[in-house]
Amino acid sequence: MQSLRTGLFQKVSNKQAWRCCTYSTVRVLNAGQPTAASHPELLKEGEITPRITCEEYISRRKRLLELLPEKSIAIIASAPVKMMTDVVPYTFRQDADYLYITGCQQPDGIAVLGHDFGLCMFMPEPSLHDVTWQGHIAGVHEALVTFKADQAFPVSKLHEILPGMMQGLSGLYHNVKTATPVYKDLDAFQKAFYDGKVKDLSVCTHDLRWIKSPAEISLMRESASIACQALLQTMFHSKAYPHERMLAAKVEYECKMRGAQRMAFNPVVGGGANASVIHYSRNDQQVQNDDLVLMDIGCELHGYVSDLTRTWPPCGRFSSAIVELYNLVLETNKECMKLCRPGTSIRQIHNHSVEMLQKGLKQIGILKSDRSSYQKYHQLNPTNIGHYLGMDVHDCSSISNDRPLKPGVVITIEPGIYIPSFFDSPERYRGVGIRIEDEVLITETGYEVLTGSMPKEINHIESLLNNYCHSSEPTGSDIYSRMI
């Protein structure tokens with residue numbers, strides 16, 4: 001034991017030992033979230049959140065004010081803390097609009113934006129008990145120094161200060177999703193409401209968030225890259241561990257190990273007939289031999305999310321019946337992406353996808369060429385071809401799918417076929433679900449597929465599963481049988 005201890009200590013040089021013992025007497029500002037001072041590996045000097053500079057946040061505030069009519073203000077409350085039990089909170093996620101304008105990732109704040117006073121932040125006042133149990137929480141000082149607010153006050157002063165800001169307004173815009181009685185119960189707000197002056201702010205904020213800045217696009221590229229790498233590793237994993245729960249755990253692990261803060265949503269891992277349930281979330285079944293598994297996953301990186309789907313057979317071979325359906329979805333995915341360019345709308349792309357899928361399903365023999373085919377088609381695919389993507393998974397929901405796309409907009413292209421087990425079709429197709437989803441950035445000249453590194457061709461998937469998956473350890477089936 002003595003010789004082992006001596007050998008271990010000999011591997012650490014004097015220089016290394018000195019480096020381990022050094023410390024700084026400089027006090028680092030604790031803002032309750034990462035800053036350039038506390039997390040230099042994440043943020044550069046001048047950034048409020050990773051990759052997003054102070055100047056960009058100030059520009060967002062100015063552009064929002066330009067959208068607000070004269071003599072109007074905007075009130076944006078932070079997301080509330082949601083509880084799992086009486087003492088256990090869910091992991092906090094900030095409201096996208098509040099984060100977009102302030103950069104603050106913490107709860108219990110209210111931001112007010114006005115032409116006369118700029119950004120005013122009402123911040124929580126943590127007690128010693130709060131700090132003891134939760135750590136430091138950003139307050140008035142951090143609002144001014146870290147988030148660059150023009151004014152800041154304790155939230156306890158809101159009832160004294162905000163009514164004065166509401167005097168003589170022509171419009172009062174607020175974030176309906178996070179609206180709180182803290183300001184809604186004020187007499188001044190109630191009067192504005194009854195006078196018809198209160199309006200939903202999302203019409204303005206979604207318009208700003210719809211087109212991404214270069215910094216936002218950089219974050220979305222990286223978020224998509226993380227998701228692709230994680231899903232590829234999970235695909236490799238699926239041959240030895242064909243269980244929905246294990247695959248869900250694997251993809252979350254791989255995303256977080258690559259820097260993602262959280263999943264964008266609970267992973268959809270549908271094996272066999274579960275793949276025909278569009279937002280299946282139980283993830284508690286073993287994937288049977290020759291079954292497909294559909295995985296719809298996404299992660300969040302510093303406030304920006306990814307979203308992609310792949311469908312494959314963990315056994316390593318697509319059956320002949322599945323090949324027909326898969327190729328139909330794949331070709332629809334590719335053809336729809338060719339339509340992604342400035343001036344085209346999601347609605348137009350969707351209509352093209354319906355035409356392609358309907359025609360293909362008739363040729364395969366799943367749909368009949370009669371009057372009922374359109375209605376039956378919507379049983380097999382009641383979804384849209386895609387949605388906007390950004391800080392939220394279904395981003396900028398107030399923006400119509402009829403709006404012509406512009407450079408900087410990110411959308412998904414996700415054709416799918418979901419055949420219930422009870423559907424009137426040849427038996428070999430019943431209980432089959434296939435979706436292929438990619439993220440697409442609209443550019444000046446066309447589009448860029450942000451998830452293009454994730455394989456989707458049949459020959460590529462089969463080659464990866466059969467030539468690059470090695471399993472000398474116990475399989476997932478073995479482990480699961482021990483668990484039960």
How about Phe193: does its CZ atom have over 12 heavy atoms from other parts shown lying under 6.0 Å from it?
no

Regarding Lys157 and Glu125, does a basic nitrogen lie under 4.0 Å from an acidic carboxylate oxygen?
no

Would you find a donor on one side and an acceptor on the other, under 3.5 Å apart, between the side chain of His174 and the backbone of Ile75?
no

Could you check whether Lys338 pairs with Glu335 (Lys NZ or Arg NE/NH1/NH2 to Asp/Glu carboxylate O, under 4.0 Å)?
yes

Is any NZ, NE, NH1 or NH2 atom of the basic residue among Asp97 and Lys177 found under 4.0 Å from an Asp or Glu carboxylate oxygen of the other?
no

If the plane angle is over 60° it's perpendicular, under 30° parallel, otherwise tilted; pick one for Phe189 and Tyr183.
perpendicular

If we check side-chain contact (heavy atoms from CB on, under 4.5 Å) with Leu389, which of these qualifies: Val410, Leu450, Ile411, Val440?
Val410

4.5 Å side-chain heavy-atom contact, Tyr326 and Lys456:
yes

Can you list the steps and then say if Thr412 with Thr309 is a side-chain contact (heavy atoms from CB on, under 4.5 Å)?
CA-CA 10 Å; Thr412 64; Thr309 307; over 6 Å; no

Within the distance-only criterion (no hydrogens, no angle test), does the side chain of Thr344 pair as donor or acceptor with the backbone N or O of Leu339 below 3.5 angstrom?
yes

Taking Met220's backbone N and O only, do any of them form a donor-acceptor pair with Ser223's side chain (distance below 3.5 Å, no angle check)?
no

Counting N and O atoms only, with roles assigned by atom type, does the side chain of Glu300 sit under 3.5 Å from a partner on the main chain of Ala264, one being a donor and the other an acceptor?
no

Would you give the length of the straight line joining atom CD of Gln379 to atom OG of Ser276, rounded to the nearest 0.5 angstrom?
12.0 Å

Between Ser218 and Glu222, is a side chain to side chain donor-acceptor pair (under 3.5 Å) present by the stated rule, with each step listed?
CA-CA 6 Å; Ser218 171; Glu222 188 171 345; 5.5 Å; no

CD of Gln348 to NE2 of His352, rounded to nearest 0.5 Å, is 11.5 Å

Can you list the steps and then say if Gln33 with His39 is a side chain to side chain donor-acceptor pair (under 3.5 Å)?
CA-CA 9 Å; Gln33 66 186 59; His39 292 70; over 6 Å; no

Flag for Gln229-Ser225: side-chain donor and acceptor within less than 3.5 Å:
yes

Hey, does the side chain of Gln261 reach the backbone of Gly259 with a donor-acceptor pair shorter than 3.5 angstrom?
yes

Walk me through it: do Tyr57 and Ile52 pass the test side-chain contact (heavy atoms from CB on, under 4.5 Å)?
CA-CA 7 Å; Tyr57 276 103; Ile52 311 295; 3.2 Å; yes

Between Phe265 and His279, is the ring centre distance below 6.0 Å?
no

Lys/Arg N to Asp/Glu carboxylate O, Arg60 vs Glu56, below 4.0 Å
yes

4.5 Å side-chain heavy-atom contact, Glu244 and Asp284
yes

With side chains defined as the heavy atoms from C-beta onward, is the minimum distance between Arg258 and Leu301 less than 4.5 Å?
no

Got a donor-acceptor contact below 3.5 angstrom from the Arg310 side chain to the Met454 backbone?
yes

Is the number of heavy atoms from other residues, nucleotides or ligands under 6.0 Å of Asp402 CG greater than 12?
yes

Under 3.5 Å, side chain of Ser72 to main-chain N/O of Ser170, donor-acceptor pair present?
no

Is any NZ, NE, NH1 or NH2 atom of the basic residue among Glu439 and Lys212 found under 4.0 Å from an Asp or Glu carboxylate oxygen of the other?
no

Please confirm whether the backbone N or O of Thr146 pairs with a side-chain atom of His141, one donor and one acceptor, at under 3.5 Å?
no

Find the distance between NZ (Lys148) and OG1 (Thr53) and round it off to the nearest 0.5 Å.
11.5 Å

Would you confirm whether Tyr173, through its side chain, and Ile76, through its main-chain N or O, come within 3.5 Å as a donor-acceptor pair?
no

Heavy-atom count check: over 12 atoms from other residues, nucleotides or ligands less than 6.0 Å from Glu160 CD?
yes

Result of checking Asn333, Asn381, Thr383, Asp296 against Arg435 for side chain to side chain donor-acceptor pair (under 3.5 Å)
Asp296

For the CD atom of Glu254 and the OG1 atom of Thr234, what is their distance to the nearest 0.5 Å?
6.0 Å

Between the main-chain N or O of Gln106 and the side-chain N or O of Gln94, is there a donor-acceptor pair closer than 3.5 Å?
yes

More than 12 heavy atoms of other groups within 6.0 Å of Phe117 CZ:
yes

Can Asp392 and Arg93 be counted as an ion pair, charged N to O under 4.0 angstrom?
yes

